[in-house]
Number of protein chains: 2
Amino acid sequence: MLKYEMVARDIQSKISRGEYRPNEQLPVMSDLCETYGVSKITIKKAMDMLVSRGLIIKRRGSGSFVKNIAVEEINPPLQDMSRQLAGFTGEYLDTGVEVSTIVHEFSVIQATPKVAGRLRVRPEDFVYYICRTRCADGVPQEIEYTYMPISVVPGLSYEDVQGSIYGYIERTLGLKVYSAHRSIRAVMPTAEELTRLKVGRDVPLLEIDQVVYLEDGRLFEYSICRHVGDRFTFFSISTN
Amino acid sequence: MLKYEMVARDIQSKISRGEYRPNEQLPVMSDLCETYGVSKITIKKAMDMLVSRGLIIKRRGSGSFVKNIAVEEINPPLQDMSRQLAGFTGEYLDTGVEVSTIVHEFSVIQATPKVAGRLRVRPEDFVYYICRTRCADGVPQEIEYTYMPISVVPGLSYEDVQGSIYGYIERTLGLKVYSAHRSIRAVMPTAEELTRLKVGRDVPLLEIDQVVYLEDGRLFEYSICRHVGDRFTFFSISTN
DNA sequence: AAGTGGTCTAGACCACTTC
DNA sequence: AAGTGGTCTAGACCACTTC
């Protein structure tokens with residue numbers, strides 16, 4: 001266990017136990033160095049983690065303070081960022097929810113100009129096109145329109161597409177998903193989506209348009225994912 | 001100018017000029033130390049900034065790589081995170097767009113249980129309730145339902161509410177907005193919103209539910225903001 | 001003037017990947 | 001074995017806030 005992780009974890013547990021209370025000033029860094037027997041830069045790194053988790057605030061010249069947050073928001077931290085890249089299957093891991101998939105289309109096509117632009121391949125290059133409805137306990141949650149260059153994700157089979165594509169990429173190909181660039185909008189379902197998602201025509205969808213990168217910097221996915229409005233929430237913490 | 005900022009800026013400009021190309025490996029840290037005449041930890045901090053901006057990827061044991069991104073995405077970086085806390089007025093600063101506001105309601109009420117819970121005040125405490133439609137060049141963009149404890153934001157006047165509340169908080173009260181915790185969903189407009197936002201009943205809205213914190217850790221705002229669907233996009237970059 | 005957190009260094013040691 | 005980035009230290013110096 002890394003030192004800064006241990007310190008961050010300990011301070012976080014003190015906040016959640018009420019030992020450090022909302023709006024209270026935390027001990028100064030030099031005191032924390034003594035308490036934990038670590039250097040200043042290690043304390044700083046631990047505090048920076050707590051800032052990015054939305055738990056504390058730092059002010060140069062004045063000190064660090066616990067945010068006025070509810071205990072429920074502390075543990076686990078406000079959003080489970082670690083699952084934002086896990087994919088649909090990963091999202092429901094260990095939740096006891098049964099995930100199922102309806103494959104509407106799985107084909108290899110030549111990239112349209114728009115898809116080629118987003119995937120950064122040439123317009124004539126071959127890409128997989130996959131359209132799937134993802135369900136939780138049998139209830140449709142989202143519909144995905146996914147494009148992947150066959151050169152980056154070779155050997156994808158119908159069985160993989162019925163299950164977890166990320167599972168295939170990580171376990172079979174040995175690649176690691178690294179980051180996603182997303183934009184989010186509200187949209188209405190198309191006629192086709194109405195039946196596939198089993199929603200009324202007055203139900204809005206949250207559309208996430210994203211490109212996803214591997215650990216080696218290569219772009220392997222462009223996808224548009226449309227979530228049923230009343231069944232999905234996206235979390236975000238911004239800090240100055 | 002801080003050293004790590006200078007280094008980050010220089011590497012970023014080399015990426016945008018094509019000197020470092022997509023998927024190319026960057027010089028190793030020890031070389032960058034020599035090139036810029038700074039220590040390893042300063043290089044690391046600069047590279048970490050580029051990772052969080054979505055431009056590069058780091059792999060322990062193998063090196064750092066430029067992501068396969070389009071030049072247009074590089075400069076300015078993928079989303080202007082710095083404006084995510086600027087408020088509606090700040091968002092349009094220096095864009096030449098004329099921002100206007102329609103105040104539907106501005107009152108002091110006793111916090112309902114829900115609002116008290118979100119604002120972390122007692123249910124009987126007084127809070128401002130402000131409902132406004134915000135327009136850009138006369139076109140309605142969003143409707144805001146805002147709650148603020150009068151104890152944290154004293155002296156708010158009708159004039160402030162017609163303009164920028166954040167301007168009042170920062171310039172008159174001398175407080176600084178620090179961070180926001182948000183959740184995002186897709187919703188349909190109410191009958192009232194149809195007329196206020198001048199949209200059809202088939203236009204979805206992007207709802208952002210947020211609490212906002214000051215630099216001293218105090219919670220000063222709970223707001224629900226509903227953006228017209230085809231006129232708003234929210235950006236996000238996730239990294240493992 | 002005193003106290004806060006932020007930047008930066010030189011260098012030791014470590015975890016991981018590649019060969 | 002060699003090369004990569006990551007963690008950590010002790011300490012200098014700095015920017016900013018508070019009194």
Side-chain angles (χ1 to χ4, degrees), chain A residues 1-11 20 23-52 55-67 170 173-176 178-179 213-218 239-240, chain B residues 1-11 20 23-52 55-67 170 173-176 178-179 213-218 239-240:
Chain A
M1 170 84 74
L2 298 170
K3 286 189 183 178
Y4 69 82
E5 265 181 23
M6 284 190 52
V7 173
R9 193 169 298 202
D10 191 68
I11 295 176
Y20 298 142
N23 291 326
E24 183 180 329
Q25 179 163 7
L26 290 168
V28 297
M29 289 179 68
S30 54
D31 287 355
L32 291 171
C33 289
E34 270 194 33
T35 304
Y36 294 102
V38 300
S39 73
K40 190 179 157 189
I41 225 164
T42 301
I43 292 293
K44 183 177 184 298
K45 178 136 192 179
M47 310 262 287
D48 284 343
M49 289 184 66
L50 297 176
V51 167
S52 75
L55 300 182
I56 70 169
I57 270 170
K58 295 194 295 180
R59 296 165 77 192
R60 187 200 291 229
S62 348
S64 302
F65 299 82
V66 180
K67 272 187 180 174
E170 303 206 310
L173 295 181
L175 301 171
K176 279 195 186 128
Y178 185 86
S179 73
Y213 295 87
L214 293 171
E215 207 190 28
D216 59 7
R218 285 185 298 165
T239 298
N240 261 344
Chain B
M1 169 82 75
L2 299 170
K3 287 189 182 178
Y4 69 81
E5 265 180 24
M6 284 189 53
V7 173
R9 194 169 297 201
D10 190 68
I11 295 176
Y20 298 143
N23 291 327
E24 184 179 329
Q25 179 163 8
L26 289 168
V28 297
M29 289 178 69
S30 55
D31 288 355
L32 291 171
C33 288
E34 270 194 32
T35 304
Y36 293 102
V38 300
S39 73
K40 189 178 157 189
I41 226 165
T42 300
I43 293 293
K44 182 178 183 299
K45 178 137 191 179
M47 310 262 287
D48 284 343
M49 290 184 67
L50 297 177
V51 167
S52 75
L55 300 182
I56 70 169
I57 271 170
K58 295 195 293 179
R59 297 165 77 191
R60 185 200 296 228
S62 355
S64 302
F65 300 82
V66 180
K67 271 187 180 175
E170 303 207 309
L173 294 181
L175 301 171
K176 280 197 185 128
Y178 184 86
S179 73
Y213 295 86
L214 294 171
E215 206 190 28
D216 59 7
R218 285 186 297 165
T239 298
N240 262 343

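Proteins get letters first, then strands, A, B, ... in listed order; numbering begins at 1 in each. Keep in mind the model is a prediction, meaning the values are calculated, not measured.
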Separation of [X] atom [atom1] from [N] atom [atom2], in whole Å?
X: B:Glu5; N: C:dC8; atom1: CD; atom2: C1'; answer: 14 Å
X: A:Gln25; N: C:dT4; atom1: CD; atom2: C1'; answer: 8 Å
X: A:Ile41; N: C:dT4; atom1: CD1; atom2: C1'; answer: 17 Å
X: A:Ile57; N: C:dG5; atom1: CD1; atom2: P; answer: 14 Å
X: B:Glu215; N: C:dT4; atom1: CD; atom2: P; answer: 17 Å
X: A:Lys45; N: D:dC8; atom1: NZ; atom2: C1'; answer: 10 Å
X: A:Leu32; N: C:dG5; atom1: CG; atom2: P; answer: 8 Å
X: B:Asp48; N: C:dC8; atom1: CG; atom2: P; answer: 14 Å

OP1 or OP2 of [N] less than 4.0 angstrom from a side-chain nitrogen or oxygen of [X], does that happen here?
X: B:Tyr4; N: C:dT7; result: yes
X: A:Thr42; N: D:dT9; result: yes
X: A:Arg60; N: C:dG3; result: no
X: B:Ser39; N: C:dT9; result: yes
X: B:Lys58; N: D:dG6; result: yes

From the list A:Leu50, A:Thr35, A:Ile43, side chain to side chain contact (heavy atoms under 4.5 Å, CB included) partner of A:Val7 resolves to A:Ile43

Heavy-atom pair of closest approach, residues [X] and [Y]:
X: B:Gly63; Y: B:Gln25; answer: CA-NE2, 3.5 Å
X: B:Ile57; Y: A:Glu215; answer: CG2-O, 2.8 Å
X: A:Lys58; Y: B:Tyr178; answer: N-OH, 3.5 Å
X: B:Lys176; Y: B:Glu170; answer: CA-OE2, 4.0 Å

Go through D:dT18, D:dT4, C:dG5 for me and flag the one nearest to the A:Arg59 side chain. D:dT18

For D:dT17, give the paired nucleotide (Watson-Crick: N1-N3 plus N6-O4 or O6-N4; G-U: N1-O2 and O6-N3; both under 3.5 Å), or none. C:dA2

Across all strands shown, which nucleotide pairs with C:dT9 by Watson-Crick or G-U wobble geometry, both distances under 3.5 Å? D:dA10

For A:Ile43 and B:Lys40, take the nucleotide of DNA chain D holding the closest heavy atom to each; which residue's nucleotide lies nearer the 5' end? B:Lys40

